[in-house]
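Atom set for the values below is all heavy atoms of this structure, side chains included, hydrogens, waters and symmetry mates excluded. One-based numbering along the sequence shown.
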Amino acid sequence: MKNLKLKKGDIVLIICVFCIAALIFCAVYFLSPQGYTVKIEVDSETVAAFSLNENRTYTVKKDGKVTNVVEIKDKKVSVTAADCPDKICVKHREISKSGESIICLPNRVVVSIEGENEEVDGVAR
């Protein structure tokens, strides 16, 4: 087998492919629609809905005890405290785009962002 060497054209092609991939990633990430409403559900029932534009903290209570604390700040949502053992929902990154969610399975809490013009990209039957 011969030694394979990269030629100048190969390097240019690799750089072009990398630049196109970076542009596509930036377009998808930065141009995706911003969410408008933060919806908090406990046991599949909506308990609160807030605008993403207003900063606030909401305490989720279940059976009279605090289970989670949800914070909306600077158009981003995070779970700042939880009484569950693994705290995966607290470690989750902030969400800000329509369709994103943070889920706390032990407490059955779902925090999601919904937009006005969400499009369905498939049909389930």
Side-chain angles (χ1 to χ4, degrees):
M1 192 179 235
K2 297 181 182 179
N3 275 341
L4 298 176
K5 294 182 182 179
L6 290 176
K7 296 179 180 159
K8 193 180 281 186
D10 297 334
I11 294 172
V12 170
L13 180 66
I14 291 170
I15 291 172
C16 288
V17 168
F18 178 75
C19 289
I20 291 171
L23 285 173
I24 291 172
F25 172 78
C26 289
V28 168
Y29 184 77
F30 293 111
L31 297 179
S32 62
Q34 282 288 333
Y36 298 102
T37 304
V38 177
K39 186 169 82 170
I40 301 170
E41 298 177 54
V42 178
D43 291 329
S44 300
E45 291 183 27
T46 301
V47 294
F50 304 107
S51 172
L52 191 62
N53 296 324
E54 57 185 79
N55 293 344
R56 72 177 327 143
T57 301
Y58 180 78
T59 303
V60 179
K61 294 181 181 179
K62 186 175 176 185
D63 299 328
K65 74 175 201 173
V66 175
T67 59
N68 297 73
V69 177
V70 178
E71 182 180 42
I72 304 169
K73 186 176 180 184
D74 300 328
K75 297 184 180 182
K76 295 181 181 181
V77 183
S78 63
V79 175
T80 57
D83 69 347
C84 57
D86 55 8
K87 306 233 187 303
I88 292 175
C89 55
V90 176
K91 296 173 189 172
H92 194 282
R93 67 173 178 79
E94 296 175 323
I95 59 174
S96 62
K97 305 245 187 257
S98 188
E100 293 182 324
S101 62
I102 300 174
I103 301 170
C104 181
L105 284 176
N107 293 331
R108 302 176 118 198
V109 174
V110 177
V111 179
S112 59
I113 298 179
E114 295 180 347
E116 291 179 0
N117 296 322
E118 292 182 3
E119 294 182 19
V120 178
D121 60 349
V123 177
R125 293 183 190 235

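With sequence neighbours left out, K39 forms a side chain to side chain contact (heavy atoms under 4.5 Å, CB included) with E41, T46, S112, E114. Applying the salt bridge (charged side-chain N to carboxylate O under 4.0 Å, His left out) criterion to K65, with sequence neighbours excluded, gives D83. Contacts of A48 classified as side chain to side chain contact (heavy atoms under 4.5 Å, CB included), with partners at least two apart in sequence or in another chain: I40, F50, Y58. Checked against side chain to side chain contact (heavy atoms under 4.5 Å, CB included), I103 has the following partners two or more places apart in sequence or in another chain: S101, L105, V110. Not counting sequence neighbours, the partners of E54 by the side chain to side chain donor-acceptor pair (under 3.5 Å) test are R56. Take D43 and apply the side chain to side chain contact (heavy atoms under 4.5 Å, CB included) test, not counting sequence neighbours, and it matches K62, R108.
Residue pairs satisfying the salt bridge (Lys or Arg N to Asp or Glu O under 4.0 Å) criterion with at least one member in residues 3-16, sequence neighbours excluded, are absent. Pairs of residues two or more places apart, or lying in two chains, that qualify as salt bridge (Lys or Arg N to Asp or Glu O under 4.0 Å) and include a residue from residues 86-95 are R93-E100. Listed by first and then second residue, the ring-ring contact (aromatic ring centres under 6.0 Å, His included) pairs involving residues 81-103 amount to none (not counting sequence neighbours). For residues 69-89, no pair satisfies ring-ring contact (aromatic ring centres under 6.0 Å, His included), with sequence neighbours left out.
I95 and V90 end up in the same hydrophobic cluster when Ile, Leu, Val, Met, Phe, Trp and Tyr side chains are linked at under 4.5 Å. Linking Ile, Leu, Val, Met, Phe, Trp and Tyr residues whenever their side-chain heavy atoms come within less than 4.5 Å places V47 and V79 in a single cluster.
Here the NZ-OG distance, from K75 to S96, works out to 10.5 Å after rounding to the nearest 0.5 Å. How far CG of N53 is from OG1 of T37: 9.0 Å, rounded to the nearest 0.5 Å.
Scanning all heavy atoms of the two residues, the minimum distance from K97 to I113 falls at O-CB, 3.6 Å. Considering all non-hydrogen atoms of both residues, I72 and V77 come closest at CG1-CG2, 4.2 Å. Of all non-hydrogen atoms in C89 and N68, the two that sit nearest each other are SG-ND2, 3.7 Å. Looking at every heavy atom in both residues, N55 comes nearest to K73 through OD1-CA, 3.3 Å.
Taking Ile, Leu, Val, Met, Phe, Trp and Tyr as members and joining any whose side-chain heavy atoms lie under 4.5 Å apart, directly or through other members, F18 forms no hydrophobic cluster with any other residue. When hydrophobic residues (I, L, V, M, F, W, Y) are linked wherever their side-chain heavy atoms come within less than 4.5 Å, the members clustered with I15 are L6, I11.
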